[in-house]
Amino acid sequence: MPLSWNEIKDRALQFSKEWAGTTNEEADAKPFLVAFFNIFGISNKRVSSFEHRVKKLDNKDGYIDLLWKGAILIEMKSRGKDLLKAYEQAKGYLHGLKEHELPKYILVSDFEIFRLYDLEDNKTTEFKLNELVQNVQHFGFLIGYQKRVYKEQDPANIKAAELMGKLHDRLEEIGYTGHPLELYLVRMLFCLFAEDTTIFNKQQFQEYIEQRTNIDGSDLAPKLQELFQVLNTPKEKRFKNLDEQLAEFPYVNGKLFEEILPTASFDTKMRQSLLECCYLDWSKISPAIFGSMFQSVMNPKERRNLGAHYTSESNILKLIKPLFLDELWAEFETIKDNKNKLTEFHKKLSTLRFLDPACGCGNFLVITYRELRLLEFEVLKALNKSGKAFLDVSQILWINVDQFSGIEYEEFPARIAEVAMWLIDHQMNMLVSSEFGQYFIRLPLQKAANIIHADALETDWEKVVAKNELSYILGNPPFIGSRLMNQTQKYGLIKVFENAKNIGELDYVTGWYVKAAKYIQKTKIKVAFVSTNSIVQGEQTNILWGQMLNKYKIKIHFAHRTFKWTNEAKGKAAVYCVIIGFANFDTDNKRIFEYENIKGEAHEIKAKNINPYLIDAKDILIEKRRIPISDVPKIVFGNMPNDGGNLLLSEEEKHELLKKEPHAEKYIKPMVSAHEFLNGKKRWCLWLIDIEPNELRKMPEVFAKVKAVEKYRLASSREATRKLSKTSTLFGEIRQPSGKYILIPRVSSENRRYIPMGFFDDTIIVSDTCLSVNTTANLYHFGILQSEMHMAWVKTVCGRLKSDFRYSNEIVYNNFPWAENPTDKQIKVIETAAQKVLDVREQFPNSSLADLYDPLTMPPALVKAHNELDKAVDLAYRPQPFTSEANRMEFLFGLYEKYTADLFTKEKIKKGRKK
């Protein structure tokens, strides 16, 4: 009776281990080939002959290293020799063989590389000695297995997700939905992976479908049902007359196949779709990107609502390395030569516990498990090197999937996460098997990751894993903005924050921060989350971190400043993120990862402290203020029409109106919004503040517009807007400066080095898409606001619209620390440099500000003018140069702390100077 494939694989691993590194002096073909055939349980008596003599074409004698008549001819060469020449030599021997002796295969090898030629199908298979265990199936003909036709396999990447997505959609269409559908797909995913990774025999699942089901798919569902039952049944409890092909499948357990599901229904196309999935090479899939791959299987609407931004391995490593992995590797390096300390370290690894409270398809858990197992692998190699022998590899693998827990709102991703953990465990077991020469597989499955299907904000995390057992919390909670949450999500956030003020301004992810902060009180648990950068910018920072710092005494241990979040999934969502690691205790080893380019790589900076803005400075929170902390001109919003567009006019609409009602000209004013200002466009508005009633009645076109404004406001759901219908000749909110003012667009592209600003007089109506700095503003104020110093403050504390700067009066301008005591000379230099910036702009009358401030098209003269202005402003702050943006922010936060301390003592020091 032939050996089972598992026994063959075990022997193949042992063979690879024994013959690895053989030198040419040690290489001997006969013992090598005897050992090779022993892998398959074949004694040398069954092989026709070693060193078989044969007559070659030139009538000279040749000697075949091994000939098994009618089966295989093997030619061995020394390491590094040309195997193509060896193959030609082997073919030359065929002339001297009788017909019944002719082999179906030729194998040539140099003790390291195996090259198998299939003479019937004209195919070649090549692999290395350490890859033998993955290729033993090619030698199935030696022990009587029928030759299999292996279809060309593609790496199972996003294509696999698309195929599974089609299968999912078709099953859903026929009415197979909900929990049964999700579990059904998970089971099929396991089978597809299993047959390409030695859990099953090679192509075992594929051949079962091809050979045991009808082409029309009519009996595929019951056949799969039968298979699922077999996979859930120990071999000794299976029916004695079970189909031999089914009987070959292993007992899986793990509860994956335990539940009895309703029988599905398949057709020809569905069966073919499943077979196409089989034809892909699933061994090439990293279980770590299961979530990314299978986002196309999930309902796109649900996926959007849950804010699922799937994660690349590189981004996961950005989190787990500073959270724990760097520290563990550093510890390993210091003790790797000490056997006793290595054993203690190994025990420590086996006691670590991890929780991902928004685990999705398990990406973070899988990568974390893989990295922990790779570290264990190095520990075992070091122990083996020290002389510790491992008789049973199963006894030395102490890390297991039950050290990992997760919470996931949706069932399908939760089940995927469970399976992905089993699969990565199997891959790691294969790595260890290959190293130590013992084939090891954890079947039946005894342990599983503890993945809970629940709402993380409503769940008591202590019931998932006791905090006295937990080591780390990590993950990528949902990215859902404050205005995009549904009522359930809003209620969950309010509950977590215990009805604190201004919760309506917070993004959904903040709930995980506070929930974690509560959970880790008085523990040594470390936490790290990926989040949108909104939680360290604008108003949210003060609301969230006010609680984190003051109520829960949280300290930030490391942080990745803003970078572009990438993922493996279809459609790759563009998100700008930060990673924040924190705990309920302090550390001396604080690290900031800074990105010169948000799409590039980070460089590490050691920090004394990391504040909520991810700056090396004291824990300061920027609050909303109605009055500037410095003695500078006040800033206000522009005028809000709230008119349904009826008081606004394009250039063409203005001309049409004046044709009909020339008397309206004195009421038409130029109006500037952020769009017009930046792009050099013209816009107009009806400014009817001083219009006499009788004059309005003389202009029916203008009167009709006023009537339309009234109708628009009365139709509003807001009471305040309905009240405005009583003054429909006016803008909804009027804040027009009287005199000269500086205009600041409220939203500006992140790509610009500076937010363009400009001077206007009060004949130009300023829109509410802009802010205006009032009439006392001068060139000195303009120069400071257009400087790199001010932009550093903007980038750090302002909110964002997508990734664009969202300038605010109460957060950005009113909290900005102006130069403390600039001299008259410094003020004059700044004013001169500011005027130069304005003068250079005038040199390009045909270019808009958007053109002038685009980094790619910014004129050299303007770049030079701004550089001179930056130098002048920097010198007003201090004589030493600022070496980086972070350096500027450290200085500005120190100045902010000083100014606000003065405010608390009711002393308002003049820090800005007016001219």
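Given the structure is predicted, the values throughout are model-derived calculations rather than measurements. Throughout, numbering of the chain's residues begins at 1 and tracks the sequence.
- Taking a cutoff of 4.0 Å between a charged side-chain nitrogen and a carboxylate oxygen, K526 and E327 qualify as a salt bridge.
- Residue E244 qualifies as open at atom CD: its count of foreign heavy atoms under 6.0 Å is 12 or below.
- Between F582 and Y513, the ring-plane angle classifies as parallel under the 30° and 60° cut-offs.
- Counting heavy atoms from C-beta outward, K237 and Y251 have side chains that stay 4.5 Å or more apart.
- Taking the centre of each ring, Y176 and Y184 come in below the 6.0 Å mark.
- Between the side chain of N450 and the backbone N or O of V464, at least one donor-acceptor pair lies under 3.5 Å.
- At distances below 3.5 Å, not a single donor-acceptor pair connects side-chain atoms of W512 with backbone N or O atoms of N476.
- The side-chain heavy atoms of Y369 and I399, taken from C-beta on, include a pair separated by under 4.5 Å.
- Side-chain N or O atoms of W461 include one that pairs as donor or acceptor with a backbone N or O of A456 at under 3.5 Å.
- For the pair M428/E376, no side-chain contact is recorded, criterion being any heavy-atom separation below 4.5 Å from C-beta on.
- The minimum heavy-atom distance between L275 and E210, with the atom names listed, is CD2-CG, 3.6 Å.
- The heavy-atom pair separating G360 from A417 by the smallest distance is O-CB, 3.9 Å.
- Under the 4.5 Å side-chain criterion, counting only non-hydrogen atoms from C-beta, I316 is not in contact with V366.
- Side-chain atoms of N384 and K381 include no donor-acceptor pair closer than 3.5 Å.
- More than 12 heavy atoms of other residues, nucleotides or ligands shown are found within 6.0 angstrom of NZ on K518.
- Exactly one of E207, R212, Q204 qualifies for a side-chain hydrogen bond (donor to acceptor under 3.5 Å, both in side chains) with Q245. That residue is R212.
- Between atom CZ of residue F324 and atom CD of residue E371 there is a gap of 8.0 Å, rounded to the nearest 0.5 Å.
- Panel note: side chain E462, backbone K467; a donor-acceptor pair is recorded below 3.5 Å.
- A donor-acceptor contact shorter than 3.5 Å is absent between the side chain of E411 and the backbone of E182.
- The closest donor-acceptor contact from the side chain of D356 to the backbone of G406 lies at 3.5 Å or more, if one exists at all.
- With contacts defined as side-chain heavy-atom distances shorter than 4.5 Å, the pair Y519/K515 does not qualify.
- One finds the OG1 atom of T459 at 10.5 Å from the OH atom of Y409 (value rounded to the nearest 0.5 Å).
- Note that the CG atom of L192 and the CG atom of L280 stand 8.5 Å from one another [nearest 0.5 Å].
- The number of heavy-atom neighbours closer than 6.0 Å to NZ of K447, taken from other residues, nucleotides and ligands shown, is 12 or below.
- A heavy-atom distance below 4.5 Å is found between the side chains of L181 and E172.
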Can I get a per-line list of side-chain donor-acceptor pairs under 3.5 Å for residues 222-231, giving both atom names and the distance, sequence neighbours left out?
| residue | atom | partner | partner atom | Å |
| --- | --- | --- | --- | --- |
| Q225 | NE2 | L261 | O | 2.5 |

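- For the atom pair CZ of R271 and OG of S273, the computed distance is 11.5 Å after rounding to the nearest 0.5 Å.
- Not one N or O on the side chain of W422 forms a donor-acceptor pair closer than 3.5 Å with the backbone of A449.
- Side chain of H453 to main chain of E408: no donor-acceptor pair is present (N/O by atom type, distance under 3.5 Å, no hydrogens or angles).
- The shortest distance between side-chain heavy atoms of F249 and L242 does not fall below 4.5 Å.
- When side chains are defined from C-beta on, I39 does not count as touching Q14, because their heavy atoms never get closer than 4.5 Å.
- Note on ring orientation: taking the six-membered ring where Trp is involved, the planes of F354 and F404 are parallel (angle under 30°, cut-offs 30° and 60°).
- Atoms CD1 and OG1, from I320 and T368 in turn, are 4.0 Å apart once rounded to the nearest 0.5 Å.
- A side-chain contact (heavy atoms from CB on, under 4.5 Å) with C278 holds for exactly one of Q203, E195, M188; it is E195.
- With rounding to the nearest 0.5 Å, the separation of NZ in K17 from CG in N130 is 11.5 Å.
- Atom CD1 of I260 sits in a sparse spot, with 12 or fewer heavy atoms from other residues, nucleotides or ligands closer than 6.0 Å.
- Side chain of W398 to backbone of H346: no donor-acceptor contact under 3.5 angstrom is found.
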message: Test salt bridge (Lys or Arg N to Asp or Glu O under 4.0 Å) on R170 and D267; report intermediate values, then the result.
response: CA-CA 10 Å; R170 182 63 185 134; D267 55 29; 3.4 Å; yes
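- Annotation for K321: atom NZ does not count as buried by contact number, only 12 or fewer foreign heavy atoms lying within 6.0 Å.
- Side-chain N or O atoms of R187 include one that pairs as donor or acceptor with a backbone N or O of L256 at under 3.5 Å.
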